[in-house]
Amino acid sequence: MSTITTMNPATGAVIETYPLMTKDEAVQKLEAAHEAFLDWRTKTHKERATHLIRIAEVLREHSDELAELMTRETGKLIKDGKTEVEICAAIFEYTAQHGPDVLADEERTHGQNEARGIVSYQPIGVIYSIQPWNFPLYQPVRVLAANLMAGNGCVLKHASICTGSGLRLRELCIEAGLPEDLFQVILIDHDTSDALIEHSLVRGVTMTGSDAAGRHIGSVAAKALKKTVLELGSNDAYLVLEDADIETAVKYSVMGRLYNNGETCVSAKRFVVTEKVYDTFVAAFTEQMQAVTLGDPTDKETQLGPLSSEEQFNTVKQQVEQSITKGAKVLCGGSVPDRTGAYYPATVLADVTPGMPAYDDEIFGPVAAVIRAKDNEDAMRIANDSRYGLGGGIFCKDEEHALKLARDHFDTGMVRINSFGAADPNMPFGGVKNSGYGREHGGFGMKEFTNAKAIFLP
């Protein structure tokens, strides 16, 4: 029998081994979720909301336990794990508070006589959620909360390295009173996953991961005529414009590159710095990156923990080495520490140009790519010179100018001005180009997998 074995990336120790499900076992879970959906869909929005509020309470009650589990499985800092639990609780609460209004019937008119019309947002069934390891709780929660409120069921295929986190989330949802079969967690391989996408009881597919994985899953779903929401990778550019406040830019650039050990799709990855402030910014940025404390993710003093796995460590190491071979210059980091665990140091690469992984691809680790721009206009051009388009940032004292650039010129789904942050329940989350399509949060996610039903009255 095939199995999944989870390991602690900080120590290399085995955590747990789980048996993979057969296709028949996975289909049974799907069928159970569908049966639960048939009852759940009859609940009012307010009735569903009470369950979401209770789940938020239970997550907070188990915050320490969940943070420790996520740290063991993925190496994230213990403080970041606790923050993640709180974000998840806030998402459930936001969805419970705003869902009834977002999903309420809309009164409209139709025809020359302006007869009465109604648009009703109806649930469609079981949504298949395929999620990555970098936020073991948040990634499934942002799908789960929105779809529970919409009246749908949910089946989760989580990343294998955080299997324990996915299973524990389901247990806590049931403890909070959610119908036992409505949210399922399945442990399956890729072939079984593809077969599940094609199953008639799966009514929509949502996935977060690489653009290569998104292409595959999106194509399988498209052949089966299933709607998808894809939140894929990115190499977000943060612009340091000619009038940037350097202290602010450095502070949030370090934060933006190292948050969650640098393993965040919407983190700052490319730093496009104008000639006028290049030397000042790069010197201060490199100094702070070099001073970062790398160590045990359970230690409160640690600023940077290990990467999530040996596989991820090798990928980042190879991307850096390839960039250096093509001409990138190492300003700090870049050499692997002699210690047990998947540790990679905070690294700054300069002289980064097209053709290098640090310029073209997503480095999912604490590696910053610094790119020199002639002026503000050139910086904006470089930022958009990417196959990705998830997020980005602008450091600029002229807030109105930054707003105009963000609104009219930045070809991404999200832009931060003089700040850094990952996600907010009240703002849409998602990208364009190879970063995918569809939106989560901000009310948008609640409608992605609903039937906007038009009802015409005479």
Side-chain angles (χ1 to χ4, degrees), residues 45 48-49 52 55-56 59 83-99 101-103 121 123-124 126-159 166 169 173 183 203-211 213-214 217-218 221 226-234 236 259-260 264-267 388-392 412-416 421-452:
H45 296 126
R48 297 172 199 157
L52 271 59
I55 293 172
L59 290 180
T83 299
E84 185 171 339
V85 175
E86 179 54 36
I87 290 171
C88 291
I91 289 169
F92 276 112
E93 289 175 336
Y94 175 91
T95 308
Q97 179 183 354
H98 296 277
D101 290 334
V102 169
L103 295 165
Y121 296 95
I124 58 174
V126 178
I127 307 305
Y128 183 34
S129 175
I130 304 170
Q131 298 303 326
W133 43 259
N134 57 328
F135 291 96
L137 208 65
Y138 163 75
Q139 294 288 172
V141 158
R142 69 186 190 183
V143 173
L144 181 62
N147 282 287
L148 289 179
M149 175 52 70
N152 294 323
C154 187
V155 171
L156 167 67
K157 178 191 181 298
H158 216 337
L169 172 61
C173 286
F183 171 40
R203 295 294 300 274
V205 181
T206 181
M207 174 263 183
T208 299
S210 69
D211 48 328
I217 289 166
K226 308 291 176 70
K227 180 181 178 179
T228 51
V229 169
L230 301 178
E231 194 275 280
L232 309 178
S234 194
D236 289 4
Y259 176 62
N260 203 50
T264 308
C265 55
V266 74
S267 65
Y388 295 114
L390 187 59
T412 62
M414 299 169 281
V415 185
R416 293 270 178 175
D424 186 285
N426 199 39
M427 295 291 282
F429 189 103
V432 295
K433 298 193 284 188
N434 282 19
S435 290
Y437 49 79
R439 290 295 180 269
E440 296 169 304
H441 298 324
F444 294 85
M446 289 183 241
K447 289 183 176 178
E448 284 284 3
F449 294 105
T450 58
N451 174 12

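What you see is a predicted model, and the numbers here were worked out from it, not measured in a lab.
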Chemist: For the residue pair H441 and Y138, categorise the inter-ring angle as parallel (less than 30°), tilted (30 to 60°) or perpendicular (more than 60°).
Modeler: tilted

Chemist: What heavy-atom pair brings G233 and S435 nearest, and what distance separates the two atoms?
Modeler: O-OG, 2.7 Å

Chemist: Which pair of non-hydrogen atoms, one from G391 and one from T412, has the smallest distance, and what is that distance?
Modeler: O-CG2, 3.4 Å

Chemist: Please tell me if the side chains of Y128 and V126 come closer than 4.5 Å, counting only heavy atoms from C-beta onward.
Modeler: no

Chemist: How many angstroms lie between atom CG of N147 and atom OG1 of T206, to the nearest 0.5 angstrom?
Modeler: 8.0 Å

Chemist: Hey, what do you get for CZ (F429) to CZ (R439), rounding to the nearest 0.5 Å?
Modeler: 9.5 Å

Chemist: Working to the nearest 0.5 Å, report the span between CG of N152 and OG1 of T450.
Modeler: 8.0 Å

Chemist: Kindly indicate whether the side chain of S129, heavy atoms from C-beta on, has any atom under 4.5 Å from the side chain of K157.
Modeler: no

Chemist: Going by atom types only, do Y388 and D236 share a side-chain donor-acceptor pair under 3.5 Å?
Modeler: no

Chemist: Do S234 and V266 come within less than 4.5 Å of each other through their side chains, counting heavy atoms only?
Modeler: no

Chemist: Could you tell me the separation between the CD1 atom of I124 and the CD atom of E448, rounded to the nearest 0.5 Å?
Modeler: 10.0 Å

Chemist: Of the non-hydrogen atoms in V102 and G443, which two are nearest, and what is the gap between them?
Modeler: CG1-O, 3.7 Å

Chemist: Looking at every non-hydrogen atom in both residues, tell me the closest pair between G431 and L390 and how far apart they are.
Modeler: N-CD1, 3.6 Å

Chemist: Under 4.5 Å between any side-chain heavy atoms of I127 and V205, yes or no?
Modeler: no

Chemist: Can you find a pair of side-chain heavy atoms, one from E93 and one from L52, that are under 4.5 Å apart?
Modeler: no

Chemist: I need the minimum non-hydrogen distance between I91 and P425, along with the two atoms involved.
Modeler: CG1-CG, 4.0 Å

Chemist: Do N451 and Y121 pair up side chain to side chain, a donor and an acceptor below 3.5 Å, judged on atom types alone?
Modeler: no

Chemist: With a 4.5 Å cut-off on side-chain heavy atoms, are L148 and R48 touching?
Modeler: no

Chemist: First locate atom CE of M427, then atom CE of M414, and finally report the distance between them rounded to the nearest 0.5 Å.
Modeler: 10.0 Å

Chemist: Locate the shortest heavy-atom distance separating L103 from A150; write the atom from each residue and the value.
Modeler: CD1-CA, 3.7 Å

Chemist: More than 12 foreign heavy atoms under 6.0 Å from CZ of F444: is that the case here?
Modeler: no

Chemist: Is the shortest heavy-atom distance from the side chain of N260 to the side chain of F135 under 4.5 Å?
Modeler: yes

Chemist: For residues M149 and H98, determine if any side-chain heavy atom of one lies less than 4.5 Å from a side-chain heavy atom of the other.
Modeler: no

Chemist: Could you tell me the separation between the CG atom of L232 and the SG atom of C265, rounded to the nearest 0.5 Å?
Modeler: 9.5 Å

